[in-house]
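Okay, so here's the structure we're looking at.
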Amino acid sequence: MDLPPIPRSQPRPTGILTDTDIDQLRFYAERGMPQTRHAAVLGLLLCGLHTGEIGLTGVTDLDLDHERVWAVGAARITARYCPFDDPWSREVLRLRAEYVQQQSGTDRPQTLTTNGTAPAYRLQASVCTTFGEVVRASGIAPKGRSATPRDVSSWLAAKIHAETGQIADVALRLGLTSLDSAAKLAGYDWRPPGTEA
């Protein structure tokens, strides 16, 4: 109780990715597809899943007929269906699912991007490592730092907000329970200047 608090650095600001950056990430993620999981990780991020959900996403969570994927939820993230907004994500996920099923040789459900038997924190770390490999290959560095999965979520949130004009749509798509968090992720300040939180 008498010890001083551990000093913590401020979280890094979310970088602003452009459509060109996303296209470049897609290009570099496709290397080795479908044997590598890089494109599947990026495809799931572009659908609206978070890193804590991606490692748990299985082949059976893909609903190609209805153009969506089931997101299992995580801490402070609600479970939901996320639609495939672009044909690229749908196609790379379809190819990866087929490859994983062929390689498994069993009828048991398989995860798309990780060994689903590891603890959740290791699955999430594995997903972040995979995304980092794509970023390093592409050289994307918003605001002079390496891109993170949160930057992709922020890009998607801003895109949804621009299309619908609704912060609630951002929150629903990304499974966020706080409209403030959704607005912050989309880069939208909905409080008038000079107001206190």
Side-chain angles (χ1 to χ4, degrees), residues 14-72 74 77 80-106 108-118 120 122-142 145-160 173-175:
T14 302
I16 299 171
L17 295 177
T18 64
D19 292 347
T20 303
D21 294 334
I22 296 295
D23 287 340
Q24 192 168 347
L25 287 171
R26 286 181 181 132
F27 176 78
Y28 283 95
E30 288 180 359
R31 290 184 177 184
M33 185 183 74
Q35 291 83 358
T36 63
R37 58 193 177 148
H38 297 92
V41 166
L42 182 60
L44 291 169
L45 279 170
L46 291 172
C47 288
L49 278 73
H50 299 269
T51 56
E53 300 172 305
I54 291 173
L56 300 171
T57 303
V59 171
T60 57
D61 293 322
L62 294 180
D63 184 355
L64 298 174
D65 294 335
H66 294 99
E67 304 280 325
R68 62 188 185 176
V69 59
W70 176 248
V72 297
I77 305 294
R80 70 222 174 272
Y81 275 108
C82 294
F84 299 127
D85 278 342
D86 64 332
W88 184 87
S89 292
R90 183 190 190 284
E91 185 61 15
V92 297
L93 291 170
R94 182 189 66 78
L95 290 171
R96 179 65 178 171
E98 288 176 0
Y99 175 78
V100 167
Q101 282 299 101
Q102 288 172 357
Q103 295 302 307
S104 71
T106 67
R108 201 178 84 218
Q110 302 294 317
T111 55
L112 286 169
T113 61
T114 60
N115 174 1
T117 60
R122 285 202 177 161
L123 297 177
Q124 185 173 14
S126 177
V127 167
C128 292
T129 299
T130 301
F131 181 77
E133 291 168 0
V134 174
V135 170
R136 278 190 296 282
S138 68
I140 300 294
R145 61 164 179 77
S146 184
T148 66
R150 183 172 173 83
D151 296 331
V152 176
S153 297
S154 181
W155 175 85
L156 180 61
K159 180 181 170 195
I160 294 166
R173 174 70 173 273
L174 297 175

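In this structure, the ring pair (Phe, Tyr, Trp, His ring centres under 6.0 Å) partners of Tyr81, at least two apart in sequence or on a different chain, are Trp70. Among residues two or more places apart in sequence or in another chain, the side chain to side chain contact (heavy atoms under 4.5 Å, CB included) test is passed with Ala74 by Glu53, Ile77.
Remark: Arg173 CZ to Ser153 OG distance equals 10.5 Å, nearest 0.5 Å. Of the inter-residue distances, the one linking Leu49 atom CG with Cys82 atom SG reads 5.0 Å to the nearest 0.5 angstrom. The CZ atom of Phe84 sits 10.0 Å away from the CZ atom of Arg68 when rounded to the nearest 0.5 Å. Note that CE of Met33 and CZ of Arg26 are 12.5 Å apart. Values are rounded to the nearest 0.5 Å. Taking OG1 of Thr130 as the reference point, atom CD1 of Ile54 lies at 9.5 Å (rounded to 0.5 Å). With rounding to the nearest 0.5 Å, the separation of CG in Asp65 from CD in Glu67 is 8.5 Å.
For the side chain to side chain contact (heavy atoms under 4.5 Å, CB included) criterion with Asp21, the lone passing option out of Ile140, Val135, Asp151 is Ile140.
Each ring pair (Phe, Tyr, Trp, His ring centres under 6.0 Å) pair with one or both residues in residues 18-54, not counting sequence neighbours, would appear here, but there are none.
Salt bridge absent: Lys159 and Asp19 never bring a charged side-chain N and a carboxylate O closer than 4.0 Å. Between Asp85 and Arg90, none of the side-chain N atoms (NZ, or NE/NH1/NH2) sits under 4.0 Å from a carboxylate O, so this pair counts as no salt bridge.
Looking at Thr113 and Thr57, their side chains never come closer than 4.5 Å, going by heavy atoms from C-beta outward.
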**Request:** With salt bridge (Lys or Arg N to Asp or Glu O under 4.0 Å) as the test, would you mind laying out the steps for Arg94 and Glu98 before giving the verdict?
**Result:** CA-CA 6 Å; Arg94 182 189 66 78; Glu98 288 176 0; 2.7 Å; yes
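Side-chain polar atoms of Asp23 and Thr20 form no donor-acceptor pair below 3.5 angstrom. A side-chain N or O of Thr51 and one of Gln124 form a donor-acceptor pair less than 3.5 Å apart.
In terms of heavy atoms, Leu174 sits closest to Gly48 at CD2-O, 3.5 Å. Closest of all the heavy-atom pairs between Val152 and Leu45 is CG1-CB, 3.9 Å. Smallest separation of non-hydrogen atoms from Leu123 and Gly55: CD1-O, 3.9 Å. A pairwise comparison of heavy atoms in Ser89 and Leu46 identifies OG-CB, 3.7 Å as the closest pair. Contact detail for Gln110 and Val100: the closest heavy-atom pair is CB-CG1, 3.3 Å. For the pair Leu62 and Leu93, the tightest heavy-atom approach, listed with the atom from each and the gap, is CD1-O, 3.6 Å.
Listed for the Arg96 side chain is a donor-acceptor partner under 3.5 Å among the backbone atoms of Leu112. Between the side chain of Ser154 and the main chain of Arg150, no donor-acceptor pair closer than 3.5 Å is present. The backbone N or O of Val134 sits less than 3.5 Å from a side-chain atom of Ser138, completing a donor-acceptor pair.
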